[in-house]
Amino acid sequence: MKETLQKFFKIDRRWIFLLLAVTLVVPIVKPIGLPNKSISQATTRVYESLEKLPAGSFLLLSLDYDPSTRPELHPMAMALVRHAFSRNLRVGVVTYIAGSTGLIEELFAKVGKEYNKKDGTDYVILPYQPNILAVMTQMSSDLYGIYSKDRNGTDIAGMPVLKGVKTYKDMSLVVCVTGTAILDYWVAYVGDKYSVPVAGGVTAISQPGYGPYLQTNQLKGLIGGMKGAAEYESLIKQPGKGTSGIDALNLAHLLVLILILTSNIILLFVKYF
Amino acid sequence: MVLDTSIIAGGWLAAGLTIFLFSFLYKDNPFFKIAEHLYLGAGMGWLFQVSVNSVWIPKIWEPVSKGELLVIIPSVMGLLLLTQFIPKISWLSRYGFTFMMGYGSGLAIPAGLSTDFMSQIEGTIRPFSKLASMTPFDIFSSLLVAGGAICVLFYFFFSVEHKGHLKKVSNIGIYFLMIYFGAAFGNTVMARFSLLYGRFDDLFTFSGGSYFYATHIILAAMVVYFVLHGLFAGKKEASEEEAA
Amino acid sequence: MKLIKKQIPLAIVFVTGVLTLISYYVPHKVSVDYIETLNKWENIVVAFAFLLGLISLFFSHYNKIARKGDGWGYSIFVFIGFLAIIIPAYVSGGKQMVEGVLTPLGWSYKYIYTALSGTMFAVLAFYIVSTAYRSFRIKSPQAFVLFVAAFILILGKVPLGQIIWDSALGWTGQSVSAVIEWIMQVPAVAGKRGIMIGISIGAIVTSLKIIFGIEKQYMGKD
Amino acid sequence: MTKHKVALTLFLTLFAAGGLFAAKPAPAVKKAPAPPAAVIGGLTAVDMPYDVGNAAMLKWAVNPADTADTFYVVYVSSLATGGWLEADRFAASAKTGKDIELPFWAWDGSSLEHAVKIELNNTYGDSLPDAAFQFKVAAEKNKQAIAESLPVSVTPVGNWFRLDRLNNLVLLIALIVIFFWAVSHAKRKGLFIRRIAGLDAIDEAIGRATEMGKPIFYVPGIGSMSSISTIASAFILGEVAKKVAQYDSQIKVPHYDPVVMTVCKEVVKQSYMEAGRPDSYREDINHFVSADQFSYAASVDGMISREKPAACFYMGYFMAESLLLAEVGATSGAIQIAGTDVEHQLPFFFTACDYTLIGEELYAAGAYLSGEPMLKSALKVQDFGKLFVMVSIAIGMICVSVGAKFGWDSFVPAILNLFQNF
């Protein structure tokens, strides 16, 4: 008995890999249809921060994620942009991750068309810059000192979207969507230093780490992982990839729990019987 | 739905590269290695093209050609960084590095003090200023945050030996850390699955008829490869892999 | 020689460091102008820093090919991958989309870079599952606490888990989402805050050491 | 301590000088426009303190007779006469001295007077006219002016010190003083650091590797030489390499960052010299793998699963690759010891490795093993910081609770002010 159990325990891990692949592929092919219901406070706070901005306010989005965290963060960014456009906010986009430029392009090509928003009038995409600190500090006194053109080389001075926007004082909110520590930079080097409201969207991995900033209100809100994306999508009532993603993750989550429990129960059994 | 040839070709390429990388899960193989090396090069290539188009041309080339020569100073400092590779004059790179380090450190110190230090103390004690309107459970939670933070800090306190009662305090600290780690673990599970879901979702798209079943065909080809490889490479290697 | 090799660089780090530090406390125009100039310069210097990685990558793979070292054939693909981005970038002039149509650069991004970069991370999901099975050991009370927190988080993040919780623990009157919120807002904050404060002072001290020229390993050897 | 005082005095003097500029007497220039029914008395205008020099501060007494529909309108002009532009408009109940967000040591605000910060850039654009600005305030009810003040003038100037950030500066100076005290002390007498539980595991792992005749992998992570975890890792590597050289075992150090590699080469070479085995030192102990996170992880994984090392050390800065590495190491049967200050990677190390150094324990291990005075003194400063936080939280909690209980209205915000950032 013991030997059989131990053998079971030393199973080739590739079987486990296969098991996971199956539990994820099946719901993609045939969705289960269990929508996300609960909405966390932190996500609601982001939603409300955007909701209370008057139309025409300038929202700065720092979209710093590359394809490697796209499934989590892209739906989030998309939901945020949709929300901003539906509230007729002006949107400026900056990025400090080279790999994100393609995703930003994709996002605005799609959502811009949905809401009939024009590049240069309703939103502006600024080019990638390598040094995050330098740019953040510079934007506190004059953003044109570092950004003179948009990503296609068009002069940004005089663009309707940037009318009256020069420093953080002219921006109503900064939202940073990232899988890196860039949100920490926004909090420390911009939010706290220049008293700018900063909210964030992060991968589920870094989400618990922002608890202290949320409690102190250094962060106005936080969207965490695919669950957060699904929550935001349901807040703006536009289900997208976040909502369908959560549905697909149901079984896989249970699988992990079952695996941890099984292995530890086997271990107990082997030890005491 | 009829797709453009370039999109179908793209679908095949993406599906192929994705499956090549996943094939590492079965075992290391040449296809994985090719995809991995391609990734290295492509990543660098992307960074290179973005830097050229977003920084070098607009921030250096254009100002210089317009006669704004001041940008030459930082450019030279930047170029000096590259002397690292030439041992004899590698000290020149220090001019660039020290500039970067000085700037970064100077910004980091006050920001760290205010954000991660003072604000955190303030955040811990502020809830108590609303004592009158708090429920007993709120008070308990606020006390837990404050007490927990103190215990964790004490766990990392290296100037005294942790003995007797002090040992107990630092032990309580560990449990707070463990809850935090547990939360992080749970969240990470979700994060990783989401990424996998993203890739599978793409593969599912490419498996459609409009892409001429790219996923199915490439997957089948990989399986055939592994079967053939297993047959020809002999049993010895296979059993070794099993053990891994 | 020591002067230009060592002392001037150390003077640079000290002067830029101290001035930048002081600029936080000085609101005057002089300080703003100083920091603006430095911002612009810094941004340019850093734009060259990634070349360090690029050159060492090329160098090591070029060497491998030249020496015909183990698996040198794969090294060729590093250059192929590089060219697969650079050539389209040149052709498209750095634009990824023109009037809603993908340029060759956009195509390379979407089908090569996205696929490769996305999958590299996604592989981790498999390892997390096998770690869960093969090395997640509840070997101590501490590991047990970690497990309980992780269990609740994993369960409560998906709708199916919420249904299970409600049917098993619904009598407590607490939904799993409320429990998660509490964990994230109370004990996890305490734990994180404790770690974070120590590490942040560590970073501040390191920055001080750099400014005062005590820490200079980043400069490399003499 | 003297240093502390000198610096403080220096800054205070600086501030005082700034204050002098700021408080340049602003003679109220009286003119005679046709005033509406009533006159708002006691309007004063001063330069806005602690700013770059583009704002002014207006103050006047709150009128208890103001009703909810009373509005105040602030007008500004850059000309000696006329040219009035509207600069601000707000309800009579808003913008009192209490609403200005400055700490108690930099601002004495009363709810009995209105205090309004006027940013001139909003009205005049980037470059302000180089002149004294005139201000006047009018009270309105139903868009009808019911009262107006006499104009006053002020010239905004740039200030030299953010007094509101004094708490930050004091803390910084205290840290610097303690830092230098610790440095000098560490060099003379040495400083006490308690032994960290995980260190025995390192010896054990090296011993086992020697017995088995298998290599040891030391993975320094993906940090650059400026991150503390990488620096600590380099010192730990030194000690590990020394033991490896003594036992004549093998060590491999795959690298992500070329600079870190150069440093580690020196460190390992030095260790082999100290162990008396310079002959066994090989240049390829430290080798560059890749500057890309995942190819680095994948390549190291490949090496680990091929060579099946007896022990793996993961010390330094790690991101997502932590799991990839630890899992492969665990399945290949190696003893694994990890240490990192990246908190969200710690759970994986904790569950998959035999021993894990958590956060600062990594720094402490580096300091303990190397006995390096610089590392020890840094650790001392960190301990001081933690002590400060522990004590501040404990005392602050009590003060704030007591203050809230007895309703001491100015005491509680004052305590909170001490730790706020502005």
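Atoms considered below: every heavy atom in the structure, side chains included; atoms not considered: hydrogens, waters and symmetry mates. A, B, ... follow the sequence lines: proteins, then strands. Residue 1 opens every chain.
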Within the side chain of [X], is there an N or O that forms a donor-acceptor pair under 3.5 Å with the backbone of [Y]?
X        : Y        : answer
C:Asn43  : A:Ala134 : no
A:His253 : C:Ile154 : yes
C:Tyr109 : A:Thr101 : no

Test item: [X] and [Y] side chains (from C-beta on) under 4.5 Å apart, heavy atoms:
X        : Y        : answer
A:Asn152 : C:Lys95  : yes
C:Val45  : A:Asn131 : no
C:Phe126 : A:Ile16  : no

**Request:** For chain C, find its close neighbours in residues 105-116 of chain A: heavy-atom separation under 4.5 Å, sorted by number, or none.
**Result:**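 Checking residues 105-116 of chain A against chain C gives A:Glu105, A:Glu106, A:Ala109.
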How many angstroms lie between [atom1] in [X] and [atom2] in [Y], if you round to the nearest 0.5 Å?
X        : Y        : atom1 : atom2 : result
A:Leu34  : C:Ile163 : CG    : CD1   : 4.5 Å
C:Ser200 : A:Asp184 : OG    : CG    : 11.0 Å
C:Glu181 : A:Gln41  : CD    : CD    : 4.5 Å
C:Lys110 : A:Leu103 : NZ    : CG    : 10.5 Å
C:Asn39  : A:Ile146 : CG    : CD1   : 6.0 Å
C:Ile164 : A:Leu254 : CD1   : CG    : 4.5 Å

Which atom pair, heavy atoms only, marks the closest approach of [X] to [Y]?
X        : Y        : value
C:Ser177 : A:Ser38  : OG-CB, 3.1 Å
A:Ile246 : C:Val158 : O-CG1, 4.4 Å
C:Lys192 : A:Gly209 : CE-O, 3.0 Å
A:Ile266 : C:Tyr133 : CD1-OH, 4.2 Å
A:Ser141 : C:Glu36  : OG-OE2, 2.5 Å
C:Met196 : A:Pro212 : CE-CB, 4.1 Å

**Item:** side chain to side chain contact (heavy atoms under 4.5 Å, CB included) assessment of C:Gln185 paired with A:Gln215
**Value:** CA-CA 7 Å; C:Gln185 284 170 9; A:Gln215 192 244 346; over 6 Å; no
Proximity breakdown for [X] and chain C, heavy-atom pairs closer than 4.5 Å:
X        : answer
A:Tyr210 : neither
A:Ala98  : neither
A:Asp142 : both
A:Leu249 : both

**Stepwise side chain to side chain contact (heavy atoms under 4.5 Å, CB included) check, C:Phe147 with A:Leu261** = CA-CA 10 Å; C:Phe147 168 72; A:Leu261 282 176; 3.6 Å; yes
**Request:** Assess whether side chain to side chain contact (heavy atoms under 4.5 Å, CB included) is satisfied between C:Phe151 and A:Leu257, documenting all intermediate values.
**Result:** CA-CA 7 Å; C:Phe151 190 96; A:Leu257 292 181; 3.5 Å; yes
Chain A contact via [X] - which portion, at a heavy-atom distance below 4.5 Å:
X        : value
C:Ala122 : neither
C:Val32  : side chain
C:Phe50  : neither
C:Thr114 : both

Just checking [X]: does its [atom1] atom have more than 12 heavy atoms from other residues, nucleotides or ligands closer to it than 6.0 angstrom?
X        : atom1 : answer
A:Tyr185 : OH    : no
C:Phe144 : CZ    : no
A:Lys149 : NZ    : yes
A:Tyr189 : OH    : yes

I need the residue from [options] with the largest number of non-hydrogen atom pairs under 4.5 Å to chain C.
options                               : answer
A:Met226, A:Lys227, A:Lys37           : A:Lys227
A:Arg70, A:Met136, A:Gln129, A:Gln138 : A:Gln138
A:Gly211, A:Ala230, A:Gly99           : A:Gly99

**Request:** List the steps and the verdict of side chain to side chain contact (heavy atoms under 4.5 Å, CB included) for A:Gln207 and C:Met184.
**Result:** CA-CA 9 Å; A:Gln207 188 192 0; C:Met184 301 281 264; 3.9 Å; yes
**Message:** Looking only at side-chain N and O atoms, does A:Arg151 offer a donor or acceptor that is under 3.5 Å from a partner on C:Gln96?
**Reply:** no
**Complete:** Looking only at C:Ser130, C:Ala47, C:Pro159, most heavy-atom pairs under 4.5 Å shared with chain A are made by C:Pro159
